[in-house]
There are 2 protein chains.
Amino acid sequence: MPQSGKHVTLRELAAHAGVSRSTVSLVLQESPLVARRTRERVMAAARTLGYVYNRGAATLRSAHTATLGVVVHDIANPFFGAMVAGIDETLQNADYVPFLVSSGNSVARQQRLITRLREQRVDALLLCPAEATPAALIDTIADWGLPCIEVMRHVGDTPRGHYVGADIRAGLARAVAHLIDQGHQRIALVTGTGHSSADRERMAGYREAMQAASLAPDIRTGSNDLTRRAGLVRTLEIMKAPTPPTALICHNDLMALGALLALNRLGLMPGIDCAVVGIDDSDEAALGEPALSSIATHPHAIGQAAAGLALACLRGPGGDAQRIVLDTSLQVRASTDPTSGHLWELS
Amino acid sequence: MPQSGKHVTLRELAAHAGVSRSTVSLVLQESPLVARRTRERVMAAARTLGYVYNRGAATLRSAHTATLGVVVHDIANPFFGAMVAGIDETLQNADYVPFLVSSGNSVARQQRLITRLREQRVDALLLCPAEATPAALIDTIADWGLPCIEVMRHVGDTPRGHYVGADIRAGLARAVAHLIDQGHQRIALVTGTGHSSADRERMAGYREAMQAASLAPDIRTGSNDLTRRAGLVRTLEIMKAPTPPTALICHNDLMALGALLALNRLGLMPGIDCAVVGIDDSDEAALGEPALSSIATHPHAIGQAAAGLALACLRGPGGDAQRIVLDTSLQVRASTDPTSGHLWELS
DNA sequence: TCAGTGTTTTGGATCGATCCAAAGACTGCT
DNA sequence: AGCAGTCTTTGGATCGATCCAAAACACTGA
């Protein structure tokens, strides 16, 4: 059936079905106005002709593309992998398609990508901003009239517009409390440069909890490379001090897993000689040896929430900036509590 | 400068710059026909008005969207993370934008996604087909006149159209030879269902090499879940036989890392009691303890090659189906050769 | 000054859908 | 039959760019 060669147009489809273009258009939009029998006739014709809807043409008139821009700063990070899966799932039901691009944490690249997305006339933007993104960007995007939702990170001290994230602060408080419970006193926080909102949130939650327990905060900022390798290298560095920390809270699971590797190399027993906590509770956290304690941020749910919020913005322009902050929870495993045993989680 | 509210059109831009629409159009296409001074005037006007090119409108006339569809089967797999980064990079230079979608290895979902992409009139498709994709799909896509490049996997026995992949077969031969060299005889291949082309290629390379050495092949097929968790579970199963294999070649690094975890749990020393080889040489392979030997498939380069080939197809329709197969190499590390020492690779 | 040549610029038609106001078809009721 | 009230269908006009053939312009040399 599907004709090779040029595309079938709505006009031809109308001719074939013996109705007007307008009627066909209504059918394609699933309008309730058109009679059932007519709709069926048109659908049948569409099938036999191999008609493909041309969203670009529709966009020109209706100013709505059924696409969403998604900008992340590191596509290879498993957190974003899971988040994107959540986004995908939610959009799927609404027949939206995501344009997914990765800024590689470069502001210049992010700028170019956003321009590209704007040329494509995406209906909305989900943005995990690159570090050092100028605070004005969000206002600029708002000026453009492009709905934008910041995810997990935000530029400036507090989200200026819509925001979806996780309650990292509470998570950190819980993690610190747990470590203190386990008898730790020298608890360090290993994070990025300290300038991104994600870093600041971690630092705030950590600092509060430490101060509440009258312990001296020990924050180790570094580069914005937040990979396994960075976790490894930085832990090697940290642990060679004369009186190193006895517990590390790492910026994310990747770095925490790197920290575990470092401890191994140093001949230290993770969880016994030094406790390690990650953030994200990625799939790998539960599997390792020792299993990694982690603050669960539920990336899949965050992706769903963000996409859902975007769709809501598009349906009704609504009013105020929404701020969705999902709960976190602490998964205690062997890397902080050797007695937690080998409850291997094989689903 | 950027006006809030409605979009500036090319028409307004032309009026503001005191030239005709056609001239502006030529400027935007960077045509050499227009005089330098005119071009500058138009560019300046574009800046002051905050003009944004409307690619959708352009598409309607010129039948070319500057977008590429990219369909992978598991976005969370680090191989695809790196591959997508390579694609992104190459497209960036050509001002193309990728539509990235994930089929989750479901044929039905893949079908829907491809329809969505077709509605968006993507100029070409990069496809890592879901398992059990009907062989006819590639022909159908060709009938549509949509250039398509299969990546890493292909439907049917042999690629029907353009294909970019890695020489897995040679890699497997090398891996088997290396293991035999290390004195192994009971070498098992742990792979997916055995039905995807990726599986078949692994099996073929493995079988040849084993037969060449007069050893009995031992192929363990299973589900098409190719994750760390699957590697763990399946290795636990495999190793509880009375005379288990002494070496495992796993479908990818994720599964191999899972296998290492399993050996740990069983109290076996990876690399000594049982050797493990992965495929992909992902970032994590080099970092673990023991470090994982792996067949390097260079996902970044594959992404670049695939995107490059797609762009080439678009420039000149060219002729024959191209088949690009990149070399693989074997990275020997402690998981197969304990004497390889701790040459920790910290770049 | 003018024909000849090469360089720039231009208006009208066009791509494939949607929007809108108004026409047509049908029903039930007087 | 005539009319009001629904339910369906319809033909322009339109969105914002590109394409193309032809017009305008700028030189050059006779």
Side-chain angles (χ1 to χ4, degrees), chain A residues 3 5-43 45-46 49-67 95 116 118-123 145, chain B residues 3 5-43 45-46 49-67 95 116 118-123 145:
Chain A
Q3 331 281 96
K6 282 334 294 155
H7 274 126
V8 179
T9 76
L10 175 147
R11 183 170 234 115
E12 304 174 62
L13 179 49
H16 191 271
V19 295
S20 73
R21 293 167 6 249
S22 307
T23 304
V24 174
S25 178
L26 291 173
V27 170
L28 296 177
Q29 291 167 81
E30 315 198 318
S31 157
L33 279 137
V34 42
R36 200 167 58 79
R37 300 203 34 184
T38 313
R39 174 170 42 249
E40 280 162 8
R41 200 141 42 92
V42 173
M43 300 288 262
L49 292 182
Y51 172 76
V52 181
Y53 186 68
N54 183 334
R55 201 164 306 251
T59 293
L60 189 52
R61 190 79 240 265
S62 68
H64 141 262
T65 54
T67 60
D95 276 355
R116 244 5 110 249
R118 211 146 82 89
E119 290 181 356
Q120 300 287 351
R121 293 287 192 274
V122 293
D123 291 335
Chain B
Q3 331 281 95
K6 283 333 295 153
H7 274 127
V8 179
T9 76
L10 176 147
R11 183 169 235 116
E12 305 174 61
L13 179 49
H16 191 271
V19 295
S20 74
R21 290 165 12 246
S22 308
T23 304
V24 174
S25 178
L26 291 173
V27 170
L28 295 177
Q29 290 168 79
E30 314 198 320
S31 157
L33 268 81
V34 42
R36 199 166 58 79
R37 299 201 34 184
T38 313
R39 174 171 40 251
E40 280 162 9
R41 200 141 42 92
V42 172
M43 300 287 263
L49 291 182
Y51 172 76
V52 181
Y53 185 69
N54 184 333
R55 202 167 301 257
T59 293
L60 190 51
R61 190 79 243 258
S62 67
H64 141 261
T65 54
T67 60
D95 276 357
R116 252 352 118 251
R118 213 146 82 90
E119 289 180 358
Q120 301 288 349
R121 293 288 192 275
V122 293
D123 291 335

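So you know, we letter chains A, B, ... as the sequences are listed, proteins then strands, and number each from 1.
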Which nucleotide, C:dT14, D:dG16, C:dT18, lies nearest any side-chain atom of A:Ala58?
-> C:dT18

Can you check whether any acceptor in the base of C:dG12 is under 3.5 Å from a donor in the side chain of B:Arg21, or vice versa?
-> yes

Between the CZ atom in A:Arg55 and the CZ atom in B:Arg118, the distance rounded to the nearest 0.5 Å is 13.5 Å

Shortest side-chain distance from A:Gln29, nucleotide among D:dT9, C:dT18, D:dG16 | C:dT18

Hey, is the side chain of B:Tyr51 poking within less than 4.0 Å of OP1 or OP2 on D:dA17, counting only N and O atoms?
-> yes

Minimum heavy-atom distance B:Asp123-B:Thr65, with the two atoms named | OD1-N, 2.9 Å

Just how far is it from atom OG1 of A:Thr59 to atom CG of B:Leu60, taken to the nearest 0.5 Å?
-> 10.0 Å

Among D:dC15, D:dT9, D:dC19, which is the nearest nucleotide to the side chain of B:Arg61?
-> D:dC19

Is any side-chain N or O of A:Thr23 closer than 4.0 Å to OP1 or OP2 of D:dT10?
-> yes

Which of these nucleotides, C:dT9, D:dC15, C:dG12, is closest to any side-chain atom of B:Ser22?
-> C:dG12

How many angstroms lie between NE2 in B:His16 and CG in B:Leu49, if you round to the nearest 0.5 Å?
-> 4.5 Å

From the candidates D:dG16, C:dG16, C:dT10, the one with an atom nearest any side-chain atom of B:Thr9 is D:dG16

Does C:dT10 have OP1 or OP2 sitting under 4.0 Å from an N or O in the side chain of B:Ser20?
-> yes

